[in-house]
Amino acid sequence: ELQFGFISIFLVCLVIGFYTLQYKKNMNSLSKSSVTVSYDTTSVLTPQEVAKHNNSNDCWIIIENKVYSATDFLSRHPGGSSLITTYCGGDATQPFLTKDGRGNHSVEASRLLSLLYLGDINGKILKT
């Protein structure tokens, strides 16, 4: 019975380790994405322009007056894409800062967010 307990703990640790590695691999691939998207750098990032990108196939969000293209990240979001798609085309500042009232995002989440940055509201698209 004691041996069964050790085996169970070992298997649980193995599964957790596997999923942790898969998560890190997924997150690291975000910055090495083979998908190339080009943006019109003459466009101004008005709230009206962001509002046009309001679905899972074309998802821009605003966080603290900065615009991010979240489309390629949706499938990689640890909490599921639906937590982001609700805010496609709109302001996601409060949900991001508070994890929809469940706490704070990690430093790693902020780093990943920076990879999605397009530019500031009422500014031009910086990413090409």
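Heavy atoms only: backbone and side chains are in, while hydrogens, waters and symmetry mates are out.
Taken together through direct or relayed side-chain contacts under 4.5 Å among Ile, Leu, Val, Met, Phe, Trp and Tyr, L97 and L83 form parts of separate hydrophobic clusters.
Residue L126 holds its CG atom at 7.0 Å from CG of D120, rounded to the nearest 0.5 Å. Taken from CD in E49 to OG in S43, the straight-line distance is 5.5 Å, to the nearest 0.5 Å. Taken from CG in N65 to CD1 in I63, the straight-line distance is 11.0 Å, to the nearest 0.5 Å. Between atom CD1 of residue I125 and atom OG of residue S69 there is a gap of 9.0 Å, rounded to the nearest 0.5 Å. Distance check, rounded to the nearest 0.5 Å: CD1 of I84 to CZ of R76 gives 11.5 Å. Rounding to the nearest 0.5 Å places CD of E64 at 9.0 Å from CD of Q94.
Of the possible polar contacts, none joining the S81 side chain to the H77 backbone as a donor-acceptor pair under 3.5 Å is found.
Under the 4.5 Å side-chain criterion, counting only non-hydrogen atoms from C-beta, N122 is in contact with T46. Contact check for N55 versus C88: no side-chain heavy atoms found under the 4.5 Å cut-off. Taking the side chain as every heavy atom from C-beta outward, T71 and N57 never approach each other to under 4.5 Å. In this structure the side chain of V50 reaches within 4.5 angstrom of the side chain of I121, judged on heavy atoms. At least one side-chain heavy atom of L113 sits less than 4.5 Å from a side-chain heavy atom of F96. At least one side-chain heavy atom of C59 sits less than 4.5 Å from a side-chain heavy atom of L74. Contact of the K66 side chain with the Y68 side chain is registered, since non-hydrogen atoms from C-beta on lie closer than 4.5 Å. Looking only at side-chain heavy atoms (C-beta outward), W60 and L45 come within less than 4.5 Å of each other.
Nearest heavy-atom pair, I61 versus Y87, reported as atom, atom and distance to 0.1 Å: CG2-O, 3.5 Å.
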*asked:* Run the side-chain contact (heavy atoms from CB on, under 4.5 Å) test on N104 and K99 for me, step by step, so that the C-alpha distance in whole Å, both residues' side-chain angles and the decisive distance to 0.1 Å come before the verdict.
replied: CA-CA 6 Å; N104 298 320; K99 285 177 83 173; 5.6 Å; no

